[in-house]
Amino acid sequence: MPQISKQQPLPSMSWLLQYLRPVKWRMLTLMLLLLSTTALQLLNPQIVQRFIDQATGSGSVSSLLSLAGLYLAVAVLSQLLTVLVDYLGNDISWRATNRIRANLLKHALRLDMRFHNVKTPGEMIERIDGDVTHMSNFFSMFIAKIFGSFVLLAGILGYMFVYNWQIAATMTIFTCLSVGVMFGIRDIGVRASQSERQANAALFGLIEERIAGIEDVQANGGVPRLMNRYHRAMRSVFLAGRKAWMLRVMPWNVTVVMFTITVTIVLMMSVRMYLQGQITLGMLFLFFQYTQMLNEPIEQLGDQLQEFQKAKSGMRRAHELLTLQSEISDGDDDELPQGPLSVSFEGVNFSYNEDQRILHDISFKLKSGERLGLIGRTGSGKSSISRLLLRLYNLDSGVIRVGDVDIRTLRLASLYRRIGMVTQDVQLFDGTLRDNLSLFDPNLSDQKILETTERLGLRPWIEAMPQGLDSRLSAGGASLSAGEAQLFALTRVFLTQPSLVILDEPSSRLDAATEAILQTAVDQLLESCTGIVIAHRLDTLDKVDKIMVLRDGRIIEFGKRAALAQDPSSEYARLLRANRQEELA
Ligand SMILES: Nc1ncnc2c1ncn2[C@@H]1O[C@H](COP(=O)(O)OP(=O)(O)OP(=O)(O)O)[C@@H](O)[C@H]1O
Ligand SMILES: [Mg+2]
C-alpha cells in the first residue's frame, strides 16, 4: 500500500497554476472590481468631511443636498460592487476547486485496493470535498484581497501624509507593526489546522462506517459502544479544533490590542489640533474615520493569512493524495484473443498483509470455454482468487495468464472489458433499474437490455417491477433482496458480453424458485464464455467441467467434475455424499 508520510512539502507553483490558469481573466476582473470598491471606500469619508465643514460653516442647503446625494450614490455603488465581487469570487473558487475535486476523485478511483481497504468512504469524502473547500478562498479571494488591502492602506496613509505627518506617522508605525507581527507568526497554526482536518476526516469516517453497518450495529446492541466511540472522536475534533483556532487567532488578537492603542493616540492628537484651531471639525471626523478604516485592511490581511493556512493544509493533503501511486501499474498490451479466454495460474502466492499468506502455490489451467466450480470452506481464499484475476492486488510471486497473456502486461481497461464479475455482495447505485443494469451507459438500448433479460429468463421479474426499467433503485442494495441483487448483477455482467466470467455466489440461501431462475441465467451466461463459479452449494455446479477444492489457500483437489464425482476417494465425492445426507435429514 502506498504510504502517507507525516509532513509533505507544499505543492509546487506549477501545480497551483494549472488550476489558476483557466480562471485568470476572471481573477483580473475581480481585482479591478476590488480596486474600484477600495477607491469608493476612500472617497466616502471625504464627502462626509466636506458635508460637516459646510454644515458648520457657510454652506448652502443646495450644496449640502448634492453632497448628501453624492454620498448616497457612492454608497449604493459600493454595495453593488460588493455583490459583484462576491459573485465573481464564488464563481472563480468553484471553477478552480471543482477541477481539483474531479482530479482527486479520478485519482482515488485508480488507487489500488490496499489503499482503499484502509480508508473509510467517509474519510475519502472529507479528503476529496472538505479539504478542497478549504482551498476555495485561496483560489478566489486571496490574491485580490491581499492586493486590495495593500492598496487601501497605501491610499489612507498617503492621504494622511498630505494633511498631517504626525498622525500619518503614528498610523504607519501601527500598520507596519501589525502587518509585521501577522506575517511573523503566520505559520503558527498550520500544523494544528492539519491535525484538525485529520480529526475531522476520522470522525466522518466513523460516522459513515457506522451508518453503513447500521443493521449490524442495531441488531447487536452496539449503539452505546458506538456512541462512546463517537464521543471520543468528537472530543479529538474539539481539542484539535480549539488548539488550531487559538493559534490561528493569535495574530488577530495582537493587532486588536495595537489598534485600540493607535485609535486612542490619533484621537487625542486630532482633538488637540481641533481645539487649537489647526483643523476643522470635518477634518477631525476624517482623521478618525481613516484611522477606523485602517483596521479593515489589516484585519483582512489577517483573515487572508488564516485562510491561507487552512488552504495550505488542504493543499498539502490534496497534493499528497495526488502523488500517491497505485501499486498496480498499468500495462500497455491491448491484444487479447477473440472469444472465450483461457485462464492459467502458475505458482501463484499471495498475501493481503505481509505476515499472513492467503494463497499458496496456486497452479491450474482452464481451456477457453471451460467452466470451473470453485469450492472450499469460508475463508479458504476463493474470492481472493477472483480478485487476483482482475488485478485488484499484486501477486507475491507467480504468473496469471488470461488468453495466454500475462495480465501484468495488459492494459487494465482491456482486461476489465473482457472479464465480468459478480461479487458476493452486489453494489447498486442510486438511479433507475436501467442505469444500474447498463452502469449508466447511454449507448445501451432498452431493446438490448430487454432481449438479454429475456434470454436469461428474467423478463417476468423486470415486468413485475412497478415501473419496469424506470423503477428507481436506491444505493446500497436496500431495495432488492439478496436473490434479486444476484439476478440483477448477472444481467449486468451479461450485457457487457464478457469472455470470462467469475461468479461469486452469495453465501445466503435463496428460495428454490429464485435459485432455479438464477441457475438458468447462469447456464445461459456460461454458454458463451469461460467461467469460474465460486459456489457455496454443490447443486449449483451440476454443469461445470472442472472442480477445484481449496483449503486454507491451497488446492487440495483439481480435476474433471465427472471423474471426481465417480472416484469415491475424492474430496468432491465426499462433499457430495455429505450434501446428500444433509438433504435427506
Ligand atoms: N482485504 C483483505 N485484507 C486482509 N485479509 C483479507 C482481505 N480479504 C480477505 N482476507 C482474508 O483472506 C482469507 C481468504 O478470504 P476470501 O475472501 O478469499 O475467502 P472466501 O473463500 O471467499 O470465503 P467465503 O466463502 O466466506 O466468501 C480470509 O482469511 C480473509 O480473512
Ligand atoms: Mg468469498
Side-chain angles (χ1 to χ4, degrees), residues 1-3 108-124 205 208-209 212-213 216 324 326-328 343 345 348-364 372-398 400 407 419-427 477 482-483 485-486 489-490 493 500-510 515 518 522 531-541 544 546-558 571-572 575 578-579 582:
M1 188 193 72
Q3 290 295 315
L109 285 174
R110 282 193 190 138
L111 284 175
D112 53 88
M113 291 308 296
R114 280 186 222 267
F115 171 83
H116 286 294
N117 282 344
V118 297
K119 297 278 167 209
T120 59
E123 178 172 352
M124 292 311 291
E208 193 281 339
E209 183 188 308
D216 288 347
L324 286 183
S326 174
E327 70 172 42
I328 310 289
V343 174
F345 275 54
V348 169
N349 287 303
F350 170 69
S351 44
Y352 289 101
N353 307 308
E354 274 157 29
D355 47 349
Q356 198 190 3
R357 181 146 287 180
I358 298 293
L359 293 176
H360 305 261
D361 195 22
I362 302 288
S363 300
F364 68 91
L372 170 74
L374 185 49
I375 48 183
R377 289 224 189 93
T378 179
S380 55
K382 305 182 296 294
S383 299
S384 304
I385 287 191
S386 66
R387 291 178 198 130
L388 293 184
L389 257 173
L390 280 169
R391 276 203 84 196
L392 297 181
Y393 297 89
N394 275 337
L395 310 180
D396 296 351
S397 61
I400 299 178
I407 56 172
I419 303 187
M421 173 149 95
V422 178
T423 54
Q424 271 172 301
D425 49 340
V426 175
Q427 286 296 322
Q486 285 285 316
L490 269 178
V493 166
L500 166 63
V501 248
I502 305 157
L503 305 174
D504 205 342
E505 203 179 60
S507 24
S508 58
R509 281 197 173 269
L510 307 176
E515 206 158 287
L518 198 63
V522 169
I532 298 181
V533 182
I534 302 175
H536 290 92
R537 289 176 307 281
L538 295 179
D539 16 349
T540 327
L541 298 178
V544 300
K546 288 183 169 167
I547 290 284
M548 181 195 292
V549 186
L550 276 184
R551 184 182 293 160
D552 298 331
R554 290 188 170 80
I555 300 179
I556 57 165
E557 199 163 274
F558 178 72
E571 178 69 15
Y572 178 59
L575 287 168
N579 202 36
E582 204 177 286

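Owing to the predicted nature of the structure, the values given are computational and were not obtained by experimental measurement. Start at 1 and go down the list; that is how both ligands and their atoms are numbered. Hydrogens, waters and symmetry mates are skipped; everything else that's a heavy atom, side chains included, is used.
Around the Mg ion (ligand 2), the angle linking Ser383 (OG) with Gln424 (OE1) is 90°, rounded to 10 degrees.
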For Arg551 and Glu571, run salt bridge (Lys or Arg N to Asp or Glu O under 4.0 Å): C-alpha distance rounded to whole Å, both residues' side-chain angles, the deciding distance at 0.1 Å, then the answer.
CA-CA 11 Å; Arg551 184 182 293 160; Glu571 178 69 15; 3.5 Å; yes
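Salt-bridge check for Asp361 with Arg554: failed, with every basic side-chain N at 4.0 Å or more from each acidic carboxylate O.
Not close to ligand 1: Gly376, with no non-hydrogen atom less than 4.0 angstrom away.
Some N or O of Gly379 is nearer than 3.5 Å to an N or O of ligand 1, by distance alone. By the 3.5 Å distance cut-off applied to N or O atoms, Gln424 is counted among the residues near ligand 1. Close N/O approach between Ile358 and ligand 1 is not found [any backbone or side-chain N/O within under 3.5 Å].
Counting atoms of ligand 1 from 1 in the listed order, those under 4.0 Å from a heavy atom of Ser384 are 14 (C), 15 (O), 16 (P), 18 (O). Numbered from 1 in the order shown, with element, the atoms of ligand 1 that lie under 4.0 Å from a heavy atom of Asn117 read 1 (N).
Annotation: side chain of Val533 is not in contact with side chain of Leu372 (no heavy-atom distance under 4.5 Å).
Under 3.5 Å, the side chains of Arg387 and Tyr352 contain a donor-acceptor pair of N or O atoms. For Thr423 and Asp504, the side-chain atoms include no donor-acceptor pair closer than 3.5 Å.
At a heavy-atom distance under 4.0 Å, only side-chain atoms of Tyr393, from C-beta outward, approach ligand 1. Residue-level proximity to ligand 1 for Thr378 is carried by backbone and side chain together, each with a heavy atom below 4.0 angstrom. At a 4.0 Å heavy-atom cut-off, ligand 1 touches Arg387 through the side chain alone. Within the 4.0 Å heavy-atom criterion, neither part of Met113 lies near ligand 1.
Each of Phe364, Phe345, Tyr572 was compared with Phe558 under the ring pair (Phe, Tyr, Trp, His ring centres under 6.0 Å) criterion, and only Phe364 meets it.
Looking only at distances, no side-chain donor or acceptor of Asp552 sits under 3.5 Å from a matching main-chain atom of Ser380.
For CG of Asn117, the number of neighbouring non-hydrogen atoms (other residues, nucleotides, ligands) closer than 6.0 Å is greater than 12.
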